[in-house]
2 protein chains.
Amino acid sequence: MTGKVAAPGDDPLLLDRQVCFPLYAATNLLNRLYGPVLRPLGLTYPQYLVMLVLWEEEPQTVGALGARLYLDSGTLTPLLKRMEQAGLVRRTRDAEDERRVLIGLTERGRALRADALHVPETIAGGRSPEGLDQLREGVRKLVAMLAAPGGAG
Amino acid sequence: MTGKVAAPGDDPLLLDRQVCFPLYAATNLLNRLYGPVLRPLGLTYPQYLVMLVLWEEEPQTVGALGARLYLDSGTLTPLLKRMEQAGLVRRTRDAEDERRVLIGLTERGRALRADALHVPETIAGGRSPEGLDQLREGVRKLVAMLAAPGGAG
DNA sequence: AGCAATTATATTGTGTGCAATATAATTGCT
DNA sequence: AGCAATTATATTGCACACAATATAATTGCT
């Protein structure tokens, strides 16, 4: 009762036939790759993404950050509180609408940008830019499909 | 002291220039997509991946599962214990080498395969198979690069 | 045989992610 | 104006993921 179960040609449950799995594996591997590079900056990978968004424009509401990063308050609230504890961001209620919380950078948060400038290059290492561009576009299309209302069915 | 920070053309820290981010977003979105489909089976997404591997061949050691899924014992041990509690797998010390733990399926675990057969189709929904094939190959190449010793520098 | 180095798994601590729920502020409808 | 519905964020509970460390079994060297 052990061993191979189905013909390899048409089994829909073979791991190597899943689209999702390489994506899952690549994300885990990328996290492991970023970890050591971001640790000296005192950032985790999702925290780094938040900083990228804030370096582009600040302040932003929690909701706006979530819309950009596809994360909800259940993930962002504790993450932003940790970043506040670390002295990178400030969280202030929006006076115009007390439901909203504005996330702005501290001086330390702004200054960290200079230290982060080397990160993309360090991560990219010796990889071919063309392959990366192609991959980025492919995955971006997938994200657009998945994020569409109804999950792109 | 707020607002845009650098020229859009050559800023390496723009979120939309990162390869990593679409990958990260796609994985989160895929997890959310799989969740409702797998919940009736009593599985999480990583647990589903473990089942895919075991349905191909069992029993396997914890290490072999980890090599296939790019996960270590810190992730797999508690996950497998939960699956044991759920009655899907059995964990037994290998008599040949007492360091190893063999993961085998219970009858319930084997029977679950029939219920899982519809999952890939349900997830794929109306998406074009060609686009998915292309994407799978692209991401698979990235995984191969990232998993290579030295991180493919 | 004896013991250091290696290997396989487990444990601990921290940080995500997300569903479900809660709370407070605002909007919209009458 | 008053109140139901909506919106924005926070909280709770559960399940990963991983670095660092611990423990026990095996291997390899002499």
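Letters go in sequence order (proteins before strands), and every chain restarts at 1.
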Nearest heavy-atom approach of B:Y34 to A:Q18 is OH-OE1, 4.4 Å

Write down the partner of [N] under the Watson-Crick or G-U wobble criteria, each distance required to be under 3.5 Å.
| N | answer |
| --- | --- |
| D:dT11 | C:dA20 |
| C:dA4 | D:dT27 |
| C:dT14 | D:dA17 |

Phosphate contact ([N] OP1 or OP2) by [X] side-chain N/O below 4.0 Å:
| X | N | answer |
| --- | --- | --- |
| A:R39 | D:dA19 | no |
| B:K81 | D:dC16 | no |
| B:R91 | C:dA10 | yes |
| B:R82 | D:dC16 | yes |

Please evaluate the base of D:dA10 for a donor-acceptor partner in the side chain of A:S73 within a cut-off of under 3.5 Å?
yes

Indicate, with a heavy-atom threshold strictly under 4.0 Å, whether [X] touches base, sugar-phosphate, or nothing.
| X | value |
| --- | --- |
| B:L71 | sugar-phosphate |
| B:G74 | base |
| A:R32 | sugar-phosphate |

Any idea which of [options] is nearest the [X] side chain?
| X | options | result |
| --- | --- | --- |
| B:Y24 | C:dG15, C:dG17, D:dA15 | C:dG17 |
| B:E98 | D:dC16, D:dT26, C:dT9 | D:dT26 |
| A:N28 | D:dT9, D:dC18, C:dA19 | D:dC18 |
| B:Q47 | C:dA8, D:dA15, D:dA10 | D:dA15 |
| A:R99 | D:dA15, D:dT7, C:dC18 | D:dT7 |
| B:T75 | C:dA10, D:dA10, D:dA17 | D:dA17 |
| A:D72 | C:dA19, C:dA10, D:dT26 | C:dA19 |

- Message: Can you work out whether A:N31 or A:D97 has the more 5'-proximal nearest nucleotide on DNA chain C?
- Response: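 In this pair, the answer is A:N31.
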
